[in-house]
Amino acid sequence: MSVQKQIRRITVPEIRARKGGVPLVSLTAYHAHTAAIVDRYADFMLVGDSVGMVMHGMESTIGVSLEMMIMHGQAVMRGSSRALVVVDMPFGSYEESPQIAFRNAARIMAETGCGAVKLEGGVQMAETISFLTKRGIPVLAHIGLTPQAVHVMGGYKVQGRDQALWDLIKQDAQAVADAGAFGIVLEGIVEPLAREITAQVTVPTIGIGASAECDGQILVLEDMLGLNDKPAKFVRQYGAIGTAIDEAVKSYAEDVKSRSFPDERHIYR
Ligand code: KIV
């Protein structure tokens with residue numbers, strides 16, 4: 001008999017069933033405290049490899065390791081109890097072969113307890129997505145602007161401005177859906193293309209910088225909270241946490257320098 005507390009989280013089939021329904025709400029989360037807050041409102045949380053840039057000050061997601069993803073995945077699982085948690089597969093952990101992808105995805109699932117993994121790529125990753133899903137690992141696909149390919153793309157550029165490339169991106173969407181992905185993150189693509197892909201595939205599309213023409217939206221939490229002073233243009237700010245932290249730290253520094261902790265003095269007597 002299991003002595004673990006039974007926790008009822010939103011499931012992959014429930015996310016998949018939201019195609020065309022009430023839009024899916026998603027945000028990134030990297031640590032327990034923010035996960036606990038996001039958990040109240042999000043259908044799923046992504047432990048994104050953007051953690052490398054947001055929390056570790058890296059230039060890109062390329063240097064993020066499997067161990068980092070597992071550690072942050074564990075923290076988010078500890079802090080949450082309701083939303084589905086999806087953990088990103090970092091660069092180099094899945095591209096080489098479906099077998100290597102399985103081994104690393106299985107580690108992520110077993111060591112974090114998360115409900116699914118995400119990986120970047122379209123047609124070229126279809127075989128791997130099929131291999132994983134047939135072996136019990138739900139996969140969220142990610143196409144369009146794929147940050148792990150930043151060096152191939154020559155920067156973080158909106159995809160599909162040139163209509164001649166639409167067919168390639170639509171083929172990517174169809175290939176990952178046919179391979180068994182339960183949803184598709186569409187990053188940095190133009191609105192009419194997002195609309196066409198959303199109408200074309202039978203799984204939910206989750207947009208980030210891809211317009212409201214998707215079945216749901218995801219943002220990097222720290223970007224929408226105002227902690228990043230150079231967020232992407234499409235990010236709407238819902239908070240000014242950077243300013244709030246600055247003001248709090250400044251007040252604290254002033255109190256320390258003026259030895260002014262009057263309320264706490266009785267503790268030391
Ligand atoms: O790593 C990440 O945060 C992502 C996004 C889709 C937000 O992949």
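Just so you know, ligand 1 is whichever comes first in the structure, and atom 1 is the first atom listed for that ligand.
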Indicate, as side chain, backbone, both or neither, the part of L46 found under 4.0 angstrom from ligand 1 when only non-hydrogen atoms are considered.
side chain
Any atoms of ligand 1 less than 4.0 Å from a non-hydrogen atom of G48? List them with their elements.
1 (O), 2 (C), 3 (O)
Side chain of Q148, backbone of P90: donor and acceptor closer than 3.5 Å?
no
Look only at the side chain of D88 and the backbone of D49, and say whether a donor-acceptor pair between them is shorter than 3.5 Å.
yes
Spell out, as yes or no, whether a donor-acceptor pair under 3.5 Å connects the side chain of R103 to the backbone of R107.
no
Please determine if D88 has a nitrogen or oxygen closer than 3.5 Å to a nitrogen or oxygen of ligand 1.
yes
Are any of the N or O atoms of T28 closer than 3.5 Å to those of ligand 1?
no
Taking Y30's backbone N and O only, do any of them form a donor-acceptor pair with H72's side chain (distance below 3.5 Å, no angle check)?
yes
Element-labelled atoms of ligand 1 that are located less than 4.0 Å from some non-hydrogen atom of H142:
6 (C), 8 (O)
Is the side chain of D215 donor-acceptor paired with the backbone N or O of P23 at a distance under 3.5 Å, no angle test?
no
Atom 2 (C) of ligand 1 - nearest protein heavy atom and its distance:
S50 OG, 3.2 Å
Residue and atom name of the nearest protein heavy atom (relative to atom 7 (C) of ligand 1), distance in Å to one decimal:
I208 CD1, 3.6 Å
N/O of K118 under 3.5 Å from N/O of ligand 1, yes or no?
yes
Can you find a heavy atom in the side chain of L132 that is under 4.5 Å from one in the side chain of Y94?
no
